[in-house]
**Q** 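Structure provided below as structure tokens; questions to follow.
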Amino acid sequence: MSEVPTLEDLEARVGDLNGKRVLVRTDFNVPLDDNGAITDDFRIRAALPTIEWLTERGANVVTASHLGRPKGAPDPRYSMDPVRERLAELAPGVGLLENLRFDPGETANDPVFVSTLVDGIDAYVNDAFGASHRSHASIVGPPKFVPSAAGRLLQNEVDVLLSLRDKPKRPFVAILGGAKISDKLGVVEALLDVVDSLIVGGAMCFTFFAAQGKPIGDSLFEPDHVETCKRLLVEAGERGKTIHLPDDITGVDANGEYATFGSRLPDGAKGFDIGPGSAALFTDVIMDARMVFWNGPMGMFEDERFAAGTQTVAQAMADTKAFTVVGGGDSAAALAQFKLDDEIDHVSTGGGASLEILENGDLPGLQALREGTS
Ligand code: ADP
Ligand code: MG
């Protein structure tokens, strides 16, 4: 990301930052429990290197983030107060604006909202990797008006994720899971260009099974994408790439009882996890790889009966000598649940953003920083 201005470039442009008011767009979209308490402050801690770099130079830092999905109006459930309290402990004296999405201008990228954001601001730093795939006001607006730069977190995320595309170590394996294939079709196509093999788990595998003509019982699948999966299977074959699909599945039978199946599910059965044989097969592929990217759990791991596949894959990610990168909110939560997050080379703070940069090699937030005030 050579052309994207760094904090050093910003200092060279603005001069002494002492007393300068710097708006930092952070991704403080933290998970909250039912009582509104933060369950994981990983995203707040991840912004500290940038915040501290600025405060060490005497800058007056104001952070801004969205939290949850309020509908363009104030909603007490998504107040930034719990984040503000935690931030005050981690970085005393740093400001935090109210939830950006309380204003409909944020998602609409309204120029009026942009002008209120940059009012009185001397410089802008984007450190919100997890929101940089969105053309929202706080992401793409400020660089048009004030000197701007990428923060340390954004820079590091982009460097790591682009290295997967540009400098793959082979074998390069991508593991995709999660609930919906429709979220991930673009990245499956793009990844087929760079990976040596693709592992597919999660509910996504049932759309591939349907494409292979296998019965899937009542498992979650997306009928509109069966044809695309057929084409992807053919294309992978033509390009000498392997798509590894599970050959056993755990779930519930027609009576709702826990059961293990092969890759052909009986009537009324629902698949909720990859089976032990598939988990072992996927482990072998991960252990033999030199680079692995993982997005999306292998099953409905929130239910402990269906966590085994995700846990086995997470353990293989921890054990392999390969360079390992994990993107995706639920995948990162699964790693944290199994206490394996420290064993991964790079756990991305962005789900959608990590997939989009792998797919396109760029993000709207990065484009805005490159274009700047020109
Ligand atoms: P990430 O946040 O890591 O990108 P996703 O949001 O795409 O992952 O998918 C996570 C969700 O997918 C989890 O809530 C999980 O329960 C669900 N899921 C995975 N496999 C299945 C399955 N076989 N059936 C139903 N839901 C599943
Ligand atoms: Mg998710």
Side-chain angles (χ1 to χ4, degrees), residues 29-31 39-40 42-43 130 173-185 187-188 191 195 197-209 216 219-222 225 229 243-252 258 260-261 263 265 270-283 285-286 289 292-320 322 324-355 358:
N29 186 22
V30 293
T39 55
D40 186 353
F42 164 62
R43 286 180 164 171
V173 177
I175 312 167
L176 293 176
K180 285 198 189 150
I181 180 128
S182 45
D183 293 345
K184 298 181 183 174
L185 272 177
V187 76
V188 174
L191 281 172
V195 298
S197 66
L198 192 65
I199 290 175
V200 177
M204 276 174 64
C205 72
F206 300 113
T207 308
F208 278 97
F209 283 170
I216 57 166
S219 306
L220 208 61
F221 90 116
E222 290 171 277
H225 296 294
C229 288
I243 297 185
H244 297 280
L245 291 165
D247 52 20
D248 58 353
I249 293 289
T250 58
V252 296
Y258 179 89
T260 303
F261 312 104
S263 63
L265 273 67
K270 290 193 179 89
F272 289 124
D273 193 13
I274 60 171
S278 309
L281 169 78
F282 293 176
T283 295
V285 177
I286 295 165
V292 190
F293 171 76
W294 178 25
N295 172 284
M298 296 291 98
M300 213 172 63
F301 74 100
E302 300 91 338
D303 179 333
E304 66 180 39
R305 292 175 300 164
F306 305 117
T310 302
Q311 181 155 12
T312 303
V313 164
Q315 189 65 53
M317 290 291 284
D319 293 341
T320 180
T324 47
V325 179
V326 177
D330 293 289
S331 317
L335 279 173
Q337 183 179 312
F338 307 135
K339 302 206 175 357
L340 293 170
D341 37 347
D342 290 344
E343 313 297 321
I344 305 300
D345 291 299
H346 183 82
V347 181
S348 177
T349 53
S354 64
L355 293 178
L358 282 176

**Q** Nearest 0.5 Å, please: how far is CZ in F261 from CD1 in I216?
**A**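 So the gap between those two atoms works out to 12.5 Å.
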
**Q** Where is the tightest heavy-atom contact between G271 and L265, given as atom of each residue plus distance?
**A**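 Nearest heavy atoms, G271 then L265: N-CD2, 3.7 Å.
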
**Q** Using the test side chain to side chain contact (heavy atoms under 4.5 Å, CB included), find all partners of Q337 that sit at least two apart in sequence or belong to another chain.
**A**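 Result, side chain to side chain contact (heavy atoms under 4.5 Å, CB included) vs Q337: F301.
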
**Q** What is the distance from atom CG of L220 to atom CZ of F272, rounded to the nearest 0.5 Å?
**A**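 Here the rounded value is 8.0 Å.
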
**Q** Under the side chain to side chain donor-acceptor pair (under 3.5 Å) rule, collect the residues that match up with H244, sequence neighbours excluded.
**A**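 Counting only residues at least two positions away or on another chain, H244 forms no side chain to side chain donor-acceptor pair (under 3.5 Å).
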
**Q** Less than 4.5 Å apart, any side-chain heavy atom of I344 and any of W294?
**A**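 The answer is no; the side chains never approach within 4.5 Å.
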
**Q** According to side chain to side chain contact (heavy atoms under 4.5 Å, CB included), who are the partners of A322, at least two apart in sequence or on a separate chain?
**A**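 Once residues adjacent in sequence are excluded, the partners of A322 under the side chain to side chain contact (heavy atoms under 4.5 Å, CB included) criterion are A289, V292, T320.
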
**Q** Whether the side chain of T324 engages the backbone of D345 through a donor-acceptor N/O pair (distance < 3.5 Å, no angle test) should be reported.
**A**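 Yes, the answer is positive, given that a donor and an acceptor are paired below the 3.5 Å cut-off.
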
**Q** If the condition is side chain to side chain donor-acceptor pair (under 3.5 Å), which residues does E343 pass it with, not counting sequence neighbours?
**A**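 For E343, no residue satisfies side chain to side chain donor-acceptor pair (under 3.5 Å) once neighbours in sequence are set aside.
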
**Q** Do you know which two heavy atoms are closest between V347 and A332, and how far apart they sit?
**A**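 Heavy-atom minimum between the residues: CG1-CB, 3.8 Å.
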
**Q** Residues in ring pair (Phe, Tyr, Trp, His ring centres under 6.0 Å) with F282, at least two apart?
**A**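 Ring pair (Phe, Tyr, Trp, His ring centres under 6.0 Å) check on F282 returns nothing, list empty.
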
**Q** Out of L281, V313, V285, which residue meets the side chain to side chain contact (heavy atoms under 4.5 Å, CB included) rule with I199?
**A**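 Single pass found, and it is V285.
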
**Q** So which heavy atom on A179 is nearest to which on A203, and how close?
**A**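 Closest approach of A179 to A203, heavy atoms only: O-CB, 3.4 Å.
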
**Q** Suppose the criterion is salt bridge (charged side-chain N to carboxylate O under 4.0 Å, His left out): which pairs have a residue in residues 297-318, not counting sequence neighbours?
**A**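 Passing the test, one end in residues 297-318: D303-R305.
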
**Q** Evaluate the side-chain proximity of F209 to P246: yes if any heavy-atom separation is below 4.5 Å, no if none is.
**A**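 P246 vs F209: side chains touch.
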
**Q** Quick one: list whatever passes side chain to side chain contact (heavy atoms under 4.5 Å, CB included) with S331, sequence neighbours left out.
**A**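 Partners of S331 under the side chain to side chain contact (heavy atoms under 4.5 Å, CB included) test: P297, V326.
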
**Q** Rounded to the nearest 0.5 Å, how far does CD1 of I175 lie from OG of S197?
**A**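 With rounding to 0.5 Å, OG (S197) is 9.0 Å from CD1 (I175).
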
**Q** Indicate yes or no for a side-chain donor-acceptor contact from R43 to the backbone of V30 under 3.5 Å, with no hydrogens or angles considered.
**A**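 Answer holds: no.
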
**Q** Does any part of the side chain of T250, heavy atoms only, come nearer than 4.5 Å to the side chain of F306, both counted from C-beta?
**A**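 Heavy-atom side-chain distance check passes, below 4.5 Å.
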
**Q** For side-chain contact (heavy atoms from CB on, under 4.5 Å), just list the numbers for L355 and F293, CA-CA rounded to whole Å, side-chain angles, deciding distance to a tenth of an Å, and then say yes or no.
**A** CA-CA 10 Å; L355 293 178; F293 171 76; 4.0 Å; yes

**Q** So, using side chain to side chain contact (heavy atoms under 4.5 Å, CB included) as the criterion, who are the partners of V200 when residues are at least two apart?
**A**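 Here the qualifying residues are L198, M204, C205, F208, I243, L245.
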
**Q** Provide the closest heavy-atom pair for G328 versus S354 in the form atom of the first, atom of the second, distance.
**A**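 Shortest heavy-atom contact: N-OG, 4.4 Å.
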
**Q** If I compare all heavy atoms of N295 with all of G327, which pair ends up nearest, and what's the gap?
**A**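 For N295 and G327, the tightest heavy-atom pair comes out as ND2-O, 3.1 Å.
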
**Q** Output the distance between atom CG (L176) and atom CG (D183), rounded to the nearest 0.5 Å.
**A**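 Answer rounded to 0.5 Å: 11.0 Å.
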
**Q** Test: side chain to side chain donor-acceptor pair (under 3.5 Å). Region: residues 273-283. Which pairs qualify, not counting sequence neighbours?
**A**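 Qualifying pairs: D247-S278, D248-S278.
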
**Q** Restricting to side chain to side chain donor-acceptor pair (under 3.5 Å), what partner residues turn up for S182, sequence neighbours left out?
**A**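 Expected list: E222.
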
**Q** How long is the span from the NZ atom in K184 to the NZ atom in K180, to the nearest 0.5 Å?
**A**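 Reported value, rounded in 0.5 Å steps: 10.5 Å.
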
**Q** For F42, check ring pair (Phe, Tyr, Trp, His ring centres under 6.0 Å) against everything at least two apart and list the hits.
**A**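 Result, ring pair (Phe, Tyr, Trp, His ring centres under 6.0 Å) vs F42: none returned.
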
**Q** Just so I know, are the side chains of M317 and L340 near enough to count as touching, which here means a heavy-atom distance under 4.5 Å?
**A**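 No. Closest side-chain heavy atoms not under 4.5 Å.
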
**Q** Report yes if the side chains of I249 and F206 come closer than 4.5 Å at any heavy-atom pair, otherwise no.
**A**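 I249 reaches F206 side chain to side chain.
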
**Q** Please list, chain by chain and in numerical order, all residues satisfying side chain to side chain donor-acceptor pair (under 3.5 Å) with S263, sequence neighbours excluded.
**A**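 Side chain to side chain donor-acceptor pair (under 3.5 Å) list for S263, sorted by chain: K214.
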
